[in-house]
Amino acid sequence: TFGDADRRVDAIVKGFWRCGVRPGDKVGVLMGARPSLLTAVTALNRLGAVTVLLRPTDSEAHLKEALRLGQAGACVADPEHAEALRRVHAGDVLVLGGGGPERAVGAVDVIDMEAIDPDEVRLPADFEPNPGRAKDLAMILFGAARAGGGLRAIRITNGRWAFSALGAAAACTLTPDDTVYAALPLHQAGGMLVTVGAALVGGARLALADGIQGGGFPPGLADDPAPFWREVRRYGATVVFYAGE
């Protein structure tokens with residue numbers, strides 16, 4: 001439920017605080033399309049930090065470039081991408097998602113956030129949740145550079161994020177009766193700002209496509225549409241956002 005998600009976000013805010021993340025910090029996030037990615041992005045915004053949204057499909061060279069362009073300090077990954085992040089990030093790597101009893105996350109420089117008890121973390125008395133204003137930076141996305149083959153940083157303010165979410169929700173007249181199917185990669189603007197944002201603003205359910213990381217919709221749809229339709233029917237999807245060819 002939305003209440004469950006809200007409590008999870010509050011818990012992860014405390015986890016980030018325990019790990020030293022503070023308002024204004026830029027935090028690299030490398031995850032697949034999973035609920036923990038949405039939780040991490042929302043928790044960082046609630047904390048007043050800035051998400052540097054890394055692309056799981058990028059090479060190590062591009063990940064290093066993205067971390068440099070985004071000036072990321074702390075970094076968080078899901079268990080599947082923790083090792084890739086360790087290879088390109090000099091500091092500690094936080095791991096979020098897929099928690100369970102007695103799991104091992106690997107190297108000594110990997111911190112399992114799922115092992116942090118939020119009830120044992122006390123935020124300061126003057127802590128202000130959701131301190132960001134419309135003009136403040138919310139996240140940094142990455143796209144292909146216009147020339148040279150590198151990356152370019154796309155700076156997203158809270159205002160732009162809200163405008164995208166509200167505009168898409170209004171254009172599709174989303175209501176709590178709708179289910180939005182998130183087929184676009186969540187590290188792209190169409191995925192995070194439009195698909196996720198519109199579903200939350202409209203109070204709709206959000207269904208995450210399984211394992212779709214690339215730029216296709218989904219990969220191989222033209223050759224075999226069966227997996228797409230199977231998920232649409234399973235989730236009862238009423239709206240699918242698309243951006244691309």
Side-chain angles (χ1 to χ4, degrees), residues 5-6 8-10 12-31 33 36-56 58 62-78 81 85 88-94 96 113 123-124 126-146 150-169 182 184-201 241 243:
D6 188 54
R8 169 75 166 165
V9 169
D10 279 339
I12 299 307
V13 166
K14 290 185 175 181
F16 278 130
W17 190 274
R18 168 65 66 84
C19 294
V21 177
R22 296 295 184 266
D25 288 354
K26 295 181 174 66
V27 179
V29 178
L30 181 63
M31 294 187 182
S36 292
L37 171 58
L38 306 183
T39 301
V41 171
T42 309
L44 289 170
N45 193 260
R46 184 168 294 181
L47 180 57
V50 177
T51 298
V52 179
L53 200 52
L54 306 171
R55 308 188 302 185
D58 273 350
H62 275 175
L63 286 174
K64 289 180 180 179
E65 185 179 3
L67 290 170
R68 180 186 63 80
L69 289 173
Q71 299 178 320
C75 286
V76 59
D78 55 19
H81 295 94
L85 196 51
V88 298
H89 178 59
D92 289 337
V93 172
L94 314 179
L96 182 68
M113 291 186 66
L123 297 173
D126 61 350
F127 173 76
E128 179 187 0
N130 308 311
R133 300 296 184 260
K135 66 180 181 180
D136 294 337
L137 186 63
M139 70 179 69
I140 299 174
L141 308 178
F142 295 96
R146 293 178 177 84
L151 295 179
R152 62 186 176 96
I154 306 167
R155 297 166 65 86
I156 306 296
T157 63
N158 287 309
R160 182 176 176 185
W161 190 0
F163 185 83
S164 298
L166 290 164
L184 292 172
L186 298 184
H187 57 267
Q188 292 182 358
M192 184 60 70
L193 306 186
V194 176
T195 304
V196 174
L200 295 178
V201 166
F241 288 103

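Quick caveat: nothing in here was measured; it's all calculated off a predicted structure.
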Looking only at heavy atoms, what is the nearest atom pair of A72 and G28, with distance?
-> CB-N, 3.7 Å
Can you find a heavy atom in the side chain of L151 that is under 4.5 Å from one in the side chain of L69?
-> yes
Atom pairs and distances, donor-acceptor, side-chain atoms in residues 14-21, under 3.5 Å, two or more places apart:
{"residue": "R18", "atom": "NH2", "partner": "E120", "partner atom": "O", "Å": "3.3"}

Trace of the salt bridge (Lys or Arg N to Asp or Glu O under 4.0 Å) decision for R46 with D6 | CA-CA 11 Å; R46 184 168 294 181; D6 188 54; 2.9 Å; yes
Closest non-hydrogen contact found for V52 with A66 is CG1-O, 4.2 Å
Rounded distance [0.5 Å steps], CD1 in I140 versus OG1 in T51 | 9.5 Å
Kindly give the heavy-atom pair with the smallest separation between A134 and T157, and that separation in Å.
-> O-CB, 3.4 Å
Is the backbone N or O of F241 less than 3.5 Å from a side-chain atom of T195, with the two atoms forming a donor-acceptor pair by type?
-> no
Could you state the interatomic distance from CG (L47) to CD (E128), rounded to the nearest 0.5 Å?
-> 11.5 Å
Go through the structure and list residues passing side-chain contact (heavy atoms from CB on, under 4.5 Å) with R155, not counting sequence neighbours.
-> L137
Sub-4.5 Å side-chain heavy-atom contact between L37 and L53 | yes
Say you draw a straight line from CZ of R55 to CD of Q188; how long is it, rounded to the nearest 0.5 Å?
-> 8.0 Å
Applying side-chain contact (heavy atoms from CB on, under 4.5 Å), name anything that partners T42, two or more places apart in sequence or on another chain.
-> V9
Side chain to side chain, L94 and M113, heavy atoms closer than 4.5 Å = yes
Indicate yes or no for a side-chain donor-acceptor contact from E65 to the backbone of G150 under 3.5 Å, with no hydrogens or angles considered.
-> no
Criterion side-chain contact (heavy atoms from CB on, under 4.5 Å) on L67 and V88, from CA distance to verdict = CA-CA 9 Å; L67 290 170; V88 298; 3.9 Å; yes
Indicate the atoms forming the closest heavy-atom contact of V93 with A77, along with that distance.
-> CG1-CB, 4.5 Å
Take L30 and H81, measure what side-chain contact (heavy atoms from CB on, under 4.5 Å) needs, and give me the verdict at the end.
-> CA-CA 7 Å; L30 181 63; H81 295 94; 3.9 Å; yes
Is the closest side-chain heavy-atom distance between L54 and L85 below 4.5 Å?
-> yes
How far apart are the closest heavy atoms of I154 and G143, and which atoms are they?
-> CD1-N, 3.9 Å
Any donor-acceptor N/O pair, R133 side chain to P131 backbone, under 3.5 Å | yes
With side chains defined as the heavy atoms from C-beta onward, is the minimum distance between R8 and S36 less than 4.5 Å?
-> yes
Considering all heavy atoms of both residues, which atom of M31 and which atom of A40 are nearest to each other, and what is their separation?
-> CE-CB, 4.3 Å
Between OG1 of T39 and CG of L96, what distance do you get to the nearest 0.5 Å?
-> 7.0 Å
Within a reach of under 6.0 Å around CZ of F163, are more than 12 heavy atoms found that belong to other residues, nucleotides or ligands?
-> no
From M192 CE over to H187 NE2, what is the distance, rounded to the nearest 0.5 angstrom?
-> 10.0 Å
Take V50 and L44 through the side-chain contact (heavy atoms from CB on, under 4.5 Å) test and state the conclusion after the steps.
-> CA-CA 6 Å; V50 177; L44 289 170; over 6 Å; no
Go through L193 and I156 one step at a time and tell me if the side-chain contact (heavy atoms from CB on, under 4.5 Å) criterion holds.
-> CA-CA 9 Å; L193 306 186; I156 306 296; 3.8 Å; yes
Rounded distance (nearest 0.5 Å) linking atom CG of N130 with atom CG of N158 | 9.0 Å
Taking the side chain as every heavy atom from C-beta outward, state whether M139 and V41 have any pair of such atoms under 4.5 Å apart.
-> yes
Are any of the side-chain heavy atoms of W161 and N45 separated by less than 4.5 Å?
-> yes
